[in-house]
Chemist: 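Sharing a structure with you now.
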Amino acid sequence: MYRTQRLVDLGKRTATYYVIVDDEGVYSGKGIQPGWTPERDVLDVQRASDHPVERELQRTDFTRTCFGSIAPMQFLTVDAVSHGHAAWLVRAQFELDRSFASLVDVFFADELAFDAAAFGDTTG
């Protein structure tokens, strides 16, 4: 009996994942604690279906979940290789956005200080 050898593809392929997140800590209750710094809580991750009709139903269901909730949740779409990778990507993007926003504040404060120094204003 002859067997042909086939190579097995062990690589993971990217797929679309739907993610529901809470950026304000309302759902987890962390947002009401004193000294809380904003962080992204990942509430649900689902792989999008391959069939277009089922994918649209999933998308509609997630959107209704976000809009019908008391907590301010967001619905995100991300391309990843697994559920955990999708959760990591949305959390990393949130941290990157927060870092960039804080840099904008720093640059704006430096610009104000430079303008004050250039025009001889020593009060601020």
Side-chain angles (χ1 to χ4, degrees):
M1 188 181 307
Y2 295 101
R3 295 185 184 194
T4 59
Q5 287 185 326
R6 281 195 203 171
L7 296 177
V8 178
D9 183 16
L10 297 177
K12 291 188 175 185
R13 299 175 199 253
T14 59
T16 302
Y17 287 85
Y18 297 142
V19 185
I20 294 180
V21 297
D22 172 23
D23 292 342
E24 298 180 20
V26 174
Y27 194 82
S28 64
K30 296 181 209 172
I32 58 173
Q33 297 174 354
W36 178 74
T37 57
E39 63 183 40
R40 176 166 278 172
D41 292 328
V42 178
L43 304 178
D44 195 5
V45 179
Q46 285 187 15
R47 185 177 188 274
S49 175
D50 293 329
H51 193 275
V53 174
E54 188 176 354
R55 187 175 351 160
E56 188 59 36
L57 289 173
Q58 278 180 313
R59 191 173 185 75
T60 303
D61 185 38
F62 266 36
T63 305
R64 285 184 181 162
T65 300
C66 290
F67 287 132
S69 173
I70 297 172
M73 296 188 295
Q74 293 182 18
F75 169 67
L76 304 172
T77 304
V78 64
D79 289 333
V81 294
S82 67
H83 290 79
H85 185 230
W88 180 84
L89 284 173
V90 296
R91 291 187 77 157
Q93 183 63 45
F94 181 75
E95 291 299 322
L96 186 65
D97 292 344
R98 282 198 57 231
S99 298
F100 183 73
S102 66
L103 280 178
V104 169
D105 293 341
V106 168
F107 288 140
F108 184 68
D110 286 347
E111 184 178 321
L112 289 177
F114 177 76
D115 288 344
F119 292 109
D121 183 11
T122 58
T123 60

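Source: prediction; values computed, not measured.
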Chemist: List the atom of H83, the atom of V45, and the distance in Å for their closest heavy-atom pair.
Modeler: CD2-O, 3.5 Å

Chemist: Could you pull out all residues at least two apart from R55 that satisfy salt bridge (Lys or Arg N to Asp or Glu O under 4.0 Å)?
Modeler: none

Chemist: State which residues pass side chain to side chain contact (heavy atoms under 4.5 Å, CB included) with A80; sequence neighbours excluded, sorted by chain then number.
Modeler: Y17, H85, A86, L89

Chemist: Of all residues at least two apart in sequence or in a different chain, which pass the side chain to side chain donor-acceptor pair (under 3.5 Å) check with E56?
Modeler: none

Chemist: Do side-chain atoms of R40 reach the backbone of V90 as a donor and acceptor pair under 3.5 angstrom?
Modeler: yes

Chemist: Between CD of Q74 and CG of D22, what distance do you get to the nearest 0.5 Å?
Modeler: 9.0 Å

Chemist: Which pair of heavy atoms, one from Q58 and one from A48, lies closest together, and at what distance?
Modeler: OE1-CA, 3.3 Å

Chemist: With the 4.5 Å side-chain cut-off for hydrophobic clustering, are Y18 and V42 part of the same group?
Modeler: no

Chemist: Looking at residues at least two apart in the chain, or sitting in another chain, which of them share a side chain to side chain donor-acceptor pair (under 3.5 Å) with S49?
Modeler: E54

Chemist: Could you tell me which non-hydrogen atom of T65 sits nearest to which non-hydrogen atom of M73, and how far apart they are?
Modeler: O-CE, 3.5 Å

Chemist: Please name all residues satisfying side chain to side chain donor-acceptor pair (under 3.5 Å) with T77, sequence neighbours left out, ordered by chain then number.
Modeler: R59

Chemist: Identify, with sequence neighbours excluded, every residue that meets side chain to side chain contact (heavy atoms under 4.5 Å, CB included) alongside D44.
Modeler: I20, Q46, F62

Chemist: My understanding is that only residues two or more places apart in sequence, or in another chain, count here; which of them pass side chain to side chain donor-acceptor pair (under 3.5 Å) with D61?
Modeler: none

Chemist: In terms of hydrophobic clustering (I, L, V, M, F, W, Y; side-chain heavy atoms under 4.5 Å; direct or indirect links), are F75 and L57 co-clustered?
Modeler: no

Chemist: Using side chain to side chain contact (heavy atoms under 4.5 Å, CB included) as the criterion, list what pairs up with E95, not counting sequence neighbours.
Modeler: R98

